[in-house]
Every structure is written in structure tokens, then in C-alpha cells.
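FYI, the numbering just counts along the sequence from 1. What you see below is based on every heavy atom in this structure, not just the backbone, and it leaves out hydrogens, waters and symmetry mates.
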Amino acid sequence: MSARARLALLVLACACGVAGAQPQAVVRMGVLASYGDAADQQRLEVLGRYLGEALGDTRVEVVVLRMEALDRAIQSRAIDVVVTNASHYVVTAHRVGLSAPLASVVDVEASRPLRGLGGAIVVRADRTDLGSLADLEYRRIATPGPWALAGYQAQALVLQEAGLRLPEPDELVITDGSHDDAVRAVLDGRADAAFVLASVPPRMVRAGQLAPDALRVLNRQDLPGYPYALSTPLYPNSPVVALPHLDEPLLRRLTSALLQLPPTSPA
């Protein structure tokens, strides 16, 4: 074989090697924190692994972010897919453009699907001065933040519809996205009531973080088939949406993987 032929084969082999070493595609999924960054991150990494395996040639990185950090990541296109609450989706879609929901989260409790979420207004069980919605006026209210659908907005609508004033900014104890911390603010006396996801106090009880009889739910509603005491109506759960820059074929494959997720999967 001539030197020229050997050189041609070497160049061809190197070119094939470079072509075969293309970096794996990565989809970055930003998820709005609800329970707390570490707890959410641990739960959702399982989802990322499932999606990566389903896509095969694409790795899915899941990062849990508080609201301000999630908004920054969306604005800078540092993420490709967003899982957030319904009201934040509506506002963000208006501001920066997002896809229609690809899927929505369906939580499972005792093997039953929860096709919606609601809010609770919780107070300490020993607070005899807090028995009705009207008693919340001029009180300190703990909340993950005014952006939270089931951690503020749903409860605020209930107050408004009852003809009551909404809390002033200086009456809010904002816990930066954590529903758990809003409950703790009530327990330690930093707040008189907390606006939180209805599922949070029962989950804290199961985890041994809250005594079963420590709290009461104001404006209590017990809906048939729904396992948690509510103070608000039910709303759609968290939608999964994509930013406009995500490749369309990859978007279709990701949607298919999400919708084929078995209810019994650890993800």
C-alpha cells in the first residue's frame, strides 16, 4: 500500500472516530420546588433517569429551582423543559412563550390518582381565636410566596369571595417556595396561619415531622374521593411544558415518553 493510500485511510479513520464521538444530547428540565430543594431533587432524579432511558440517545438532567431561579433559567434558556404550577405557566407563557402543556402531573396517594391539587389554610389546633376565615384579617400569614397557586392564590381567592381583605405585604411571612417551612412558621409562632398545599401537612405527619393533632384546617372541605382536607377548590396539577427552542422531533419523543410512564414506575 502506498504512503498516500495509508494517509487516506488514516484520515478516514480519524474522521469516522470524530463522527462517532458526537456528544450525547442533553435535555435540561427545570422543576419548581414545592417541598424543599433536596427532597424534590431526590424524587425527580428518578424521573430524569427514566426519561433518559426512554429516549436512549439523550440524557435528561432534572434541576429543582425556587421561583426566581426558575424564571432566570427560563429567560436565559438555560433549561429546555419546565414543570411548574398552573398559574406560573399562564404568566410565563404570556411573557416569554411556552408550548402547550405536554402532560400534567398526576400524584398518587394510597394507589389512587389525584387529578388535581388544592390549598389548605392551617392554624395551630390550640388557637381558639382562629375559627373562621374572618379571624384571619390582620394576621400574619406564612406562604411559599404570592406566586404559589395552592400556597397563596387559591386561598386569596377564597378570602376575596368571602368579602374579606387580602393580607398586606408586611403581613406575609414568605418562605421562599417551601410549603414545609410555612407550616413550621405556624408551629413556632412566626405566623398565625399558613397557606399551603393541602397534601403537605399529612405528608409531614407521615414523615414524623408534625404531630397528627398539631394543626386545624380553616374553611375545611372534605371532597369525596380526595384524601386531604381542603380550604379551596381543586385546580389542575403541574403542567410539563417546553421552551420554543427545543427540537421538535425530540419534543415529540419526550412527550411520548412522559405519557407512557407507567403509574407503578418509581419515576
Cluster check L215, I121: I/L/V/M/F/W/Y, side chain < 4.5 angstrom
no
Any donor-acceptor pair under 3.5 Å from T143 side chain to G151 backbone
yes
What is the minimum heavy-atom distance between V205 and A211, and which atoms define it?
CG2-O, 4.1 Å
Using a cut-off of 6.0 Å, state whether more than 12 heavy atoms not belonging to H245 lie near its atom NE2.
yes
Without swapping roles, check the side chain of R140 against the backbone of A193 for a donor-acceptor pair under 3.5 Å.
no
For Q155 and Y152, indicate whether the former's side chain and the latter's backbone hold a donor-acceptor pair under 3.5 Å.
yes
Under a 4.0 Å N-O cut-off, is there an ion pair linking R59 with E61?
yes
Do L102 and V241 touch side chain to side chain, with heavy atoms closer than 4.5 Å?
no
Side chain to side chain contact (heavy atoms under 4.5 Å, CB included) between V60 and R28, intermediate numbers included
CA-CA 6 Å; V60 178; R28 295 177 175 84; over 6 Å; no
Applying ring-ring contact (aromatic ring centres under 6.0 Å, His included), name anything that partners Y50, two or more places apart in sequence or on another chain.
none
Check A185 against A142 and note the closest heavy-atom contact, atom names and distance.
CB-CB, 3.8 Å
Cationic N near anionic O, under 4.0 Å, R127 to D135:
no
Let me confirm one number: the CH2-OG1 distance from W147 to T84, rounded to the nearest 0.5 Å.
7.5 Å
Does the side chain of V183 come within less than 4.5 Å of V196's, by heavy atoms?
yes
Any heavy-atom pair between the side chains of S199 and L114 that's under 4.5 Å?
no
Taking every non-hydrogen atom, the tightest pair across V83 and M29
CG2-SD, 4.0 Å
Within the 4.5 Å heavy-atom criterion, are V158 and P233 side-chain neighbours or not?
yes
Do V240 and V82 have side-chain heavy atoms sitting under 4.5 Å apart?
no
Donor-acceptor under 3.5 Å (S256 side chain, R252 main chain)
no
List the steps, then state whether salt bridge (Lys or Arg N to Asp or Glu O under 4.0 Å) holds for D188 with R124.
CA-CA 10 Å; D188 64 24; R124 284 177 56 134; over 6 Å; no
Reported CG-to-CE distance for the pair L32 and M67, which is rounded to 0.5 angstrom:
4.5 Å
Hey, mind stepping through I74 and L243 against side chain to side chain contact (heavy atoms under 4.5 Å, CB included) and telling me if it holds?
CA-CA 8 Å; I74 292 170; L243 273 72; 4.2 Å; yes
Same cluster or not: are V186 and I174 linked, directly or through other Ile, Leu, Val, Met, Phe, Trp or Tyr residues, by side-chain heavy atoms under 4.5 angstrom apart?
no
Identify whether V96 and I79 are in the same connected component of the hydrophobic contact network (ILVMFWY, side-chain heavy atoms under 4.5 Å).
yes
Using the rule that two of Ile, Leu, Val, Met, Phe, Trp, Tyr join whenever any of their side-chain heavy atoms come within less than 4.5 Å, decide whether V123 and V173 are in one cluster.
no
How many angstroms lie between atom CG of D192 and atom CD of E171, to the nearest 0.5 angstrom?
9.5 Å
Among side-chain atoms of S87 and N85, is any donor-acceptor pair under 3.5 angstrom?
yes
pair P167-E137: side-chain heavy atoms closer than 4.5 Å:
no
Just by modelled atom types, is the S231 backbone N or O under 3.5 Å from a matching donor or acceptor in the Q221 side chain?
yes
CG/L187 to CG/D181 distance, rounded to the nearest 0.5 angstrom?
11.0 Å
May I ask whether V90 and L70 are part of the same hydrophobic cluster, defined by side-chain heavy atoms of I, L, V, M, F, W, Y residues being less than 4.5 angstrom apart, directly or through others?
yes
To check you understand the geometry: which heavy-atom pair defines the closest contact between G118 and Y226, and what is its length?
N-OH, 3.9 Å
Only one of V81, L251, L51 passes side chain to side chain contact (heavy atoms under 4.5 Å, CB included) with V27; say which it is.
V81
One should read off an interatomic distance between L149 CG and L117 CG, to the nearest 0.5 angstrom, of 6.0 Å
Short side-chain to backbone donor-acceptor contact, S104 and P239, under 3.5 Å:
no
Under a 4.5 Å cut-off applied to non-hydrogen side-chain atoms, are S132 and L218 in contact?
no
Taking every heavy atom of A194 against every heavy atom of A182, the minimum-distance pair comes out as CB-O, 3.5 Å
Would a distance-only check, ignoring hydrogens and angles, find a side-chain to backbone donor-acceptor pair under 3.5 Å from S265 to A267?
yes
Would you say L136 and L164 make side-chain contact, with heavy atoms under 4.5 Å?
no
Against the six-membered ring of Y138, is R165 placed for a cation-pi contact (under 6.0 Å from the centre, within 45° of the normal)?
yes
Going through the distances and angles, do R184 and T175 end up as a side chain to side chain contact (heavy atoms under 4.5 Å, CB included)?
CA-CA 10 Å; R184 294 187 188 103; T175 59; over 6 Å; no
Closer than 3.5 angstrom, by distance alone: can the side chain of H179 be matched with the main-chain N or O of L197 as a donor-acceptor pair?
yes
If I take atom CG from residue D213 and atom CG from residue D126, how far apart are they, to the nearest 0.5 angstrom?
10.0 Å
When L172, V122, I141, T232 are each screened for side chain to side chain contact (heavy atoms under 4.5 Å, CB included) with F195, the one that passes is I141
Heavy-atom count around E68 CD within 6.0 Å, excluding the residue itself: above 12?
no
Taking the side chain from R216 and the backbone from L130, do they hold a donor-acceptor pair closer than 3.5 Å?
yes
Without swapping roles, check the side chain of R253 against the backbone of L55 for a donor-acceptor pair under 3.5 Å.
yes
After noting the C-alpha distance and the side-chain angles of T58 and V26, does the key distance pass the side chain to side chain contact (heavy atoms under 4.5 Å, CB included) rule?
CA-CA 5 Å; T58 302; V26 177; 5.8 Å; no
Check P201 against L210 and note the closest heavy-atom contact, atom names and distance.
O-CD2, 3.6 Å
